[in-house]
Amino acid sequence: MIPYGRQTIDDHDRAAMAAVLASDWLTQGPTITQFEQQLAAAVQADHAVVMANGTAALHAACAALGLGPHDYLWTSPISFVASANCARYLGAQVDFVDIDPHTRNICVLALRTKLEQAKTQRCLPKILVAVHFAGKPCDMQVLGALSREFGFAIIEDAAHALGSFYGGRPVGSCQYSVATCFSFHPVKNITTGEGGAVTTRDAMLADKIRKFCSHGITKNPADFVAEAAEPWAYEQHALGYNYRLTDIQAALGISQLQKLPGFVARRQALVDVYQSALADMPLFLPPAKGGDTIAWHIYTIQLHDTQRRLAMFNELRAAGIGVNVHYIPIHLQPYYQRRGFHVGDFPGAEAYYAGAITLPLFPTLTDDEQNFIVHTLRGILCA
Ligand SMILES: *Cc1c(COP(=O)(O)O)cnc(C)c1O
């Protein structure tokens with residue numbers, strides 16, 4: 001079966017991890033700091049904090065911004081559930097903004113309308129999690145202007161978008177947001193097995209996030225509450241978690257990061273082939289690329305005839321093509337239905353989902369495999 005996504009690991013990655021295994025520090029060591037510095041440099045952010053996974057990154061960013069039980073977090077219904085769950089960990093309420101059918105990202109017009117309503121009802125969100133679906137950045141300039149007008153903070157969920165650019169700058173530079181969250185799960189653009197990161201321009205926020213991921217503890221005497229600290233002292237200042245990444249993983253992350261531009265170039269080349277090879281079929285395709293580099297994480301098509309989606313999915317799987325669907329709208333999950341959401345609440349998201357299929361896309365997908373996928377799809381769709 002050709003999977004829809006997979007990691008690309010080579011001897012350089014393996015050697016980097018082996019070197020850490022032979023060193024003194026398996027965790028909380030210098031390789032973590034190196035990975036953080038190199039990630040921050042790669043995305044042009046002042047600070048990067050790496051951690052256990054992308055979900056932890058979203059949780060940490062929301063906690064550091066003080067999200068709590070009386071607050072609202074808004075996000076896109078077409079995302080992985082983690083984009084919404086991060087609010088629930090902190091007892092906050094979740095609401096969604098429907099998508100733009102073209103980009104599959106949050107619709108900025110729907111957002112403005114919803115913000116104006118929320119303003120009159122005094123229930124404006126504290127945080128908007130802007131998901132860069134498939135790696136295509138949201139319209140950050142417009143979102144940034146709305147965040148200033150309505151007073152909410154933007155967290156970018158860039159789990160799909162490491163390596164993408166917006167307005168000439170890398171996603172993660174936080175030009176229009178307070179923080180950007182990344183995931184290094186094996187299907188994402190680089191991997192550390194499990195792993196994630198938050199990048200930010202705000203030193204205080206980075207510090208809070210770093211503490212949050214390590215029990216709320218600081219070992220820095222300059223931060224101590226106590227006047228005269230014993231040499232063995234550490235202080236817990238807040239309730240944190242153990243969300244740490246290991247140095248073994250950080251070594252893999254550094255090695256992977258060096259290969260990111262090559263991974264992105266291969267993903268783009270494969271997407272270019274899909275876009276032209278599928279153009280004449282009864283499908284809605286992802287948006288054409290603009291001027292900026294897009295680090296396509298997934299390639300999702302939509303059948304015009306949604307009635308055929310299930311049969312098509314099964315036929316592709318039977319042919320050895322590991323198609324998937326990204327995503328079941330979050331508000332249709334039983335957990336969110338119990339929290340008061342209904343079928344029909346976000347028609348744009350539901351219409352997208354009805355026809356959606358994700359085709360394989362990863363750097364080591366061969367031209368032959370891609371040809372086979374395109375031909376199989378054409379055979380089924382144009383039969
Ligand atoms: C993968 C993903 C996450 C969560 O990342 P993990 O590292 O798996 O916890 C969050 N948001 C989106 C959009 C994702 O695709």
Side-chain angles (χ1 to χ4, degrees), residues 1-10 78-80 99 101-105 132-136 159-164 183 185-191 256 259-290 293-328 351-383:
M1 186 81 85
I2 305 170
Y4 85 86
R6 66 159 287 145
Q7 69 276 14
T8 305
I9 301 291
D10 66 11
I78 297 298
S79 185
F80 186 53
I99 63 163
H102 183 61
T103 63
R104 293 96 181 251
N105 284 331
H132 304 312
F133 183 80
K136 166 90 180 166
H160 297 185
L162 181 63
S164 289
S183 165
H185 182 276
V187 297
K188 305 291 163 74
N189 295 352
I190 68 166
T191 190
Q256 289 268 302
K259 290 177 287 186
L260 177 65
F263 291 165
V264 171
R266 179 62 183 158
R267 285 177 180 276
Q268 282 199 312
L270 289 164
V271 167
D272 287 346
V273 170
Y274 273 142
Q275 291 287 78
S276 56
L278 307 182
D280 64 335
M281 295 192 205
L283 299 168
F284 299 111
L285 302 180
K289 66 173 178 217
T293 298
I294 297 178
W296 293 106
H297 159 59
I298 46 176
Y299 187 77
T300 57
I301 57 172
Q302 272 169 273
L303 303 190
H304 290 179
D305 181 1
T306 58
Q307 301 292 324
R308 294 182 64 185
R309 197 257 304 255
L310 175 62
M312 170 114 171
F313 184 95
N314 286 332
E315 285 177 69
L316 287 167
R317 279 273 176 102
I321 300 168
V323 286
N324 212 313
V325 173
H326 295 90
Y327 290 94
I328 300 168
Y352 159 77
Y353 167 64
I357 292 187
T358 304
L359 300 182
L361 179 67
F362 50 90
T364 54
L365 184 72
T366 66
D367 294 345
D368 285 350
E369 285 171 328
Q370 189 179 33
N371 278 334
F372 170 69
I373 294 162
V374 168
H375 278 97
T376 309
L377 193 64
R378 185 175 295 282
I380 298 168
L381 211 51
C382 306

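The analysis underlying the following values was restricted to heavy atoms, covering all of them including side chains, and did not include hydrogens, waters or symmetry mates. Not measured: the values here are computed from a predicted model.
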Which of V374, I373, V273 passes side-chain contact (heavy atoms from CB on, under 4.5 Å) with L278? Answer is V374
If every non-hydrogen atom of I380 is compared with every non-hydrogen atom of R308, which pair is closest and at what distance?
O-NH2, 2.9 Å
Kindly indicate whether the side chain of L283, heavy atoms from C-beta on, has any atom under 4.5 Å from the side chain of I357.
no
Let me confirm one number: the OG1-CD1 distance from T376 to I321, rounded to the nearest 0.5 Å.
4.0 Å
Minimal non-hydrogen separation, W296 against N189, with atom names:
O-OD1, 4.3 Å
Is H375 atom NE2 crowded by more than 12 heavy atoms from other residues, nucleotides or ligands, each under 6.0 Å away?
no
Donor-acceptor pair, side chain of S164 and main chain of A295, under 3.5 angstrom:
yes
To check you understand the geometry: which heavy-atom pair defines the closest contact between T358 and H326, and what is its length?
OG1-ND1, 2.8 Å
Salt bridge D280-R378, side-chain N to carboxylate O under 4.0 Å:
yes
Intermediate values then yes/no, side chain to side chain contact (heavy atoms under 4.5 Å, CB included), F284 and I301
CA-CA 6 Å; F284 299 111; I301 57 172; over 6 Å; no
For residues K259 and D10, determine if any side-chain heavy atom of one lies less than 4.5 Å from a side-chain heavy atom of the other.
yes
Face-on cation placement of R309 at Y353 ring, 6.0 Å and 45° thresholds:
yes
Atom CE in M281, atom CG in L303: separation rounded to 0.5 Å?
11.0 Å
Any chance you could lay out the side chain to side chain contact (heavy atoms under 4.5 Å, CB included) test for V271 and L361, step after step, and finish with the verdict?
CA-CA 8 Å; V271 167; L361 179 67; 3.8 Å; yes
Are K188 and L162 side-chain neighbours, meaning at least one heavy-atom pair lies under 4.5 Å?
no
Given side chains that start at C-beta, do those of Y299 and F362 come closer than 4.5 Å, heavy atoms only?
no
Taking every non-hydrogen atom, the tightest pair across L377 and M312
CD1-CE, 2.7 Å
Does CD1 in I328 sit with more than 12 non-hydrogen atoms of other residues, nucleotides or ligands closer than 6.0 Å?
no
How about T300 and R104: does a side-chain donor come under 3.5 Å of a side-chain acceptor?
yes
So, taking the atom named CD in Q275 and the one named CG in L285, what distance separates them when rounded to the nearest 0.5 Å?
5.0 Å
Nearest-0.5 Å distance that lies between atom NZ in K136 and atom CD1 in I298:
14.5 Å
Tightest non-hydrogen contact, residues Q256 and T8, listed as NE2-O, 2.8 Å
Tell me every residue that passes side-chain hydrogen bond (donor to acceptor under 3.5 Å, both in side chains) with S79, counting only those two or more places apart in sequence or in another chain.
S83
Tested for side-chain contact (heavy atoms from CB on, under 4.5 Å) against Y4, the lone hit among V323, N324, V325 is N324
Hey, are the side chains of F372 and I2 touching, using non-hydrogen atoms and a 4.5 Å cut-off?
yes
Would you compute the distance between atom NE2 of H132 and atom OG1 of T103 and round it to the nearest 0.5 angstrom?
11.5 Å
Between CZ of F263 and CG of L260, what distance do you get to the nearest 0.5 Å?
8.0 Å
Verify, without hydrogens or angle tests, whether Q7 (side chain) and I190 (backbone) share a donor-acceptor contact under 3.5 angstrom.
no
Min side-chain heavy-atom separation P363-R267 under 4.5 Å:
yes
Hey, are the side chains of V187 and H297 touching, using non-hydrogen atoms and a 4.5 Å cut-off?
yes
List the atom of P3, the atom of P360, and the distance in Å for their closest heavy-atom pair.
O-CB, 3.1 Å
Aromatic plane relationship, F80 with Y327 - under 30° parallel, 30 to 60° tilted, over 60° perpendicular:
tilted
Whether D367 and R266 form a salt bridge (side-chain N of Lys/Arg under 4.0 Å from carboxylate O of Asp/Glu) is what I want to check.
yes
